[in-house]
There are 2 protein chains.
Amino acid sequence: MSRETPTRGRRPKRGRTRQALMDAALDLVAKKAPFSSLSLREVTKRAGVVPTAFYRHFSDMSALGLTLLDESFRTLRQMMREVRQQELPNERMIRGSMETFFTYVRNNRTHFLFVSKELYGGSATMRQAIRREIRLFVSELAMDMARFPFLVRVNAEDLQMMASLVVNSVVALTQEMLELDEDDDAGQHEMLIMAEKQVRLIYFGVAQWRSDTPPRT
Amino acid sequence: MSRETPTRGRRPKRGRTRQALMDAALDLVAKKAPFSSLSLREVTKRAGVVPTAFYRHFSDMSALGLTLLDESFRTLRQMMREVRQQELPNERMIRGSMETFFTYVRNNRTHFLFVSKELYGGSATMRQAIRREIRLFVSELAMDMARFPFLVRVNAEDLQMMASLVVNSVVALTQEMLELDEDDDAGQHEMLIMAEKQVRLIYFGVAQWRSDTPPRT
DNA sequence: AGTATAAGTGTACATGTGTTGACATTGGTG
DNA sequence: CACCAATGTCAACACATGTACACTTATACT
């Protein structure tokens, strides 16, 4: 069997295959089935690598998934922090936040597609992980809202409720936007407008709220 | 171990296997992976039928999926119609609607689990079908809202926006509730309370809205 | 009754899957 | 340079998958 292999196509660079595998998975998720119905061989083929090479980087497909999730959220958290820091007042704030957020979504389409499909369709651990991140955003937003002067009389529970309303709405709109064609600029812009209006509407309601509101108008 | 089935185990009744297949798929989705990562053989095994028997009822797994979707929404639409008709005024209306809706969700857990996972994780046609149904609910709600006296000055587009905000929020809460353990009564009730509060909050905002609201508070 | 048809069974096969083990090639370190 | 650990390849396996075919049985209808 000692046959001389005439230099098959090789991939020299250091940790490039690992990234290739992640990108391949992301690509496949973006234009095909959800991650859970993705086979190891499919991913390696897409990455231009032999199946067994997979194990050099991930023990398992689910390990790949977790890594992908981590990668998706690391930069997202970064961006969120920046959004929270730029302290624009009032109206400008909502509009500004929505704009930067949605541009970020557009620039990281595959990641969001991945997360979006895993939120409800993924494995239990996957869903749990995503949900944890979202709950984090909700808490942070609640903290920000607590500083609004007209919300001093609102208790913590209701603050959480309001924040989760905002976050859930933005998430839903994001998922709807991902359903649009990648270069449907008009549609995407429409989503942005809608998101801004919805959040503004919620803030109108928030301004009206009293935590001890009795069950009648 | 030999039950009262002397010859080969058979299923006599007319169209029972068809339903058994649907139930099996629903069960598997409820306690395992999403529908897309479900194999034909798995479903038939669960239904207690030989794999090839599948083709007597469905041409394909995706055909099964579409049928399941239809079954899920048919009764849902029915219920929605009833909710819309019971004309309770004001505060009572929100609470009442939420209660009947969420009890319905509890009583049809597997169906909702299925739809929830398919909304973003399913095939393109599947997602599209679900989205169409949701849009229908939004339109109907918008029509209902148009009759509110304090909304006469709101244009159609904004009405749609408001309705979709309500629906999206309820959908999100529903999905969150499905994540809870089946017999976590406390958690489920908490979700109901939250849903009612969120919708009420939105209505506060709605009451404040003017379609020509300039970009300032 | 008798029989046509719908429904279910068993066998079989080609294809895709995850994973193992032994080997080949790289790139960075001494 | 020589070496070695990391990385990639090949061949092979045991098993699951979808589906075709020929068959048996139950049900419905005359």
Side-chain angles (χ1 to χ4, degrees), chain A residues 1-25 27-29 31-68 122-123 125-126, chain B residues 1-25 27-29 31-68 122-123 125-126:
Chain A
M1 257 63 93
S2 55
R3 171 76 75 168
E4 40 85 35
T5 30
T7 29
R8 302 303 180 103
R10 280 303 166 83
R11 193 97 19 168
K13 266 302 174 66
R14 172 77 187 189
R16 243 169 65 150
T17 307
R18 185 186 160 93
Q19 191 60 45
L21 286 170
M22 299 207 286
D23 291 349
D27 271 22
L28 287 172
V29 168
K31 75 186 52 166
K32 238 194 60 108
F35 183 78
S36 47
S37 69
L38 217 64
S39 78
L40 183 150
R41 287 179 114 103
E42 217 173 349
V43 173
T44 56
K45 188 184 299 182
R46 177 79 169 193
V49 179
V50 92
T52 49
F54 183 92
Y55 297 102
R56 302 293 180 192
H57 304 278
F58 304 99
S59 65
D60 203 291
M61 272 296 282
S62 77
L64 209 207
L66 267 301
T67 307
L68 243 25
S123 70
T125 56
M126 200 74 95
Chain B
M1 53 200 67
S2 141
R3 227 68 217 282
E4 26 107 37
T5 28
T7 57
R8 304 311 178 100
R10 279 303 165 83
R11 192 97 18 168
K13 265 303 174 66
R14 170 77 190 194
R16 244 170 64 150
T17 309
R18 186 186 160 94
Q19 192 60 44
L21 286 170
M22 299 207 285
D23 291 349
D27 271 22
L28 287 172
V29 168
K31 75 186 55 169
K32 239 194 57 105
F35 182 79
S36 47
S37 69
L38 217 64
S39 78
L40 184 149
R41 286 179 113 104
E42 218 173 349
V43 173
T44 56
K45 186 184 300 179
R46 176 79 168 192
V49 179
V50 94
T52 49
F54 183 92
Y55 297 103
R56 301 292 181 194
H57 304 277
F58 304 98
S59 65
D60 202 289
M61 272 297 283
S62 77
L64 208 209
L66 267 303
T67 306
L68 244 25
S123 70
T125 57
M126 201 74 95

Between C1' of dA7(C) and CD of Gln19(B), the distance in whole Å
16 Å

Test side-chain hydrogen bond (donor to acceptor under 3.5 Å, both in side chains) applied to Thr52(A) - qualifying residues, sequence neighbours left out
none

Whole angstrom value for the distance that separates P of dA6(C) from CZ of Phe58(B):
17 Å

Shortest non-hydrogen contact from Leu66(A) to Met126(A)?
N-CE, 4.2 Å

What's the CZ-C1' distance between Arg46(B) and dA16(D), to the nearest Å?
18 Å

Applying salt bridge (charged side-chain N to carboxylate O under 4.0 Å, His left out) to Asp23(B) and not counting sequence neighbours gives none

Please tabulate, for the side chains in residues 36-43 of chain B, all donor-acceptor contacts under 3.5 angstrom to protein atoms that are two or more places apart in sequence or on a different chain.
from     : atom 1 : to       : atom 2 : distance (Å)
Ser37(B) : OG     : Pro34(B) : O      : 3.2
Ser39(B) : OG     : Glu42(B) : N      : 3.0
Glu42(B) : OE1    : Ser39(B) : N      : 3.2
Glu42(B) : OE2    : Lys32(B) : NZ     : 3.2

Can you tell me the distance, in whole Å, between the CG atom of Asp60(B) and the P atom of dG18(D)?
10 Å

Between dT19(C) (C1') and His57(A) (NE2): distance, integer Å:
16 Å

Every protein N/O within reach of nucleotides 12-17 of chain C N/O, cut-off under 3.5 Å:
from    : atom 1 : to       : atom 2 : distance (Å)
dT17(C) : OP1    : Ser39(A) : OG     : 2.9

Tell me: CG of Leu64(A) to P of dT19(C), nearest whole Å?
13 Å

Closest nucleotide among dC10(D), dT9(C), dT19(C) to the Pro51(A) side chain:
dT19(C)

Can you name the side-chain contact (heavy atoms from CB on, under 4.5 Å) partners of Arg18(B), sequence neighbours left out?
His57(B), Phe58(B), Thr67(B)

Tyr55(B) near the nucleic acid: base, sugar-phosphate alone, or nothing, with a heavy-atom cut-off under 4.0 Å?
base

Figure out the CZ/P separation between Arg56(B) and dT25(D), and round it to whole Å.
15 Å

Report the residues that fulfil side-chain hydrogen bond (donor to acceptor under 3.5 Å, both in side chains) with Ser62(B), sequence neighbours left out, ordered by chain and then residue number.
Asp60(B)

Quick one: Phe54(B) CZ to dA6(C) C1', roughly how many Å, whole number?
17 Å

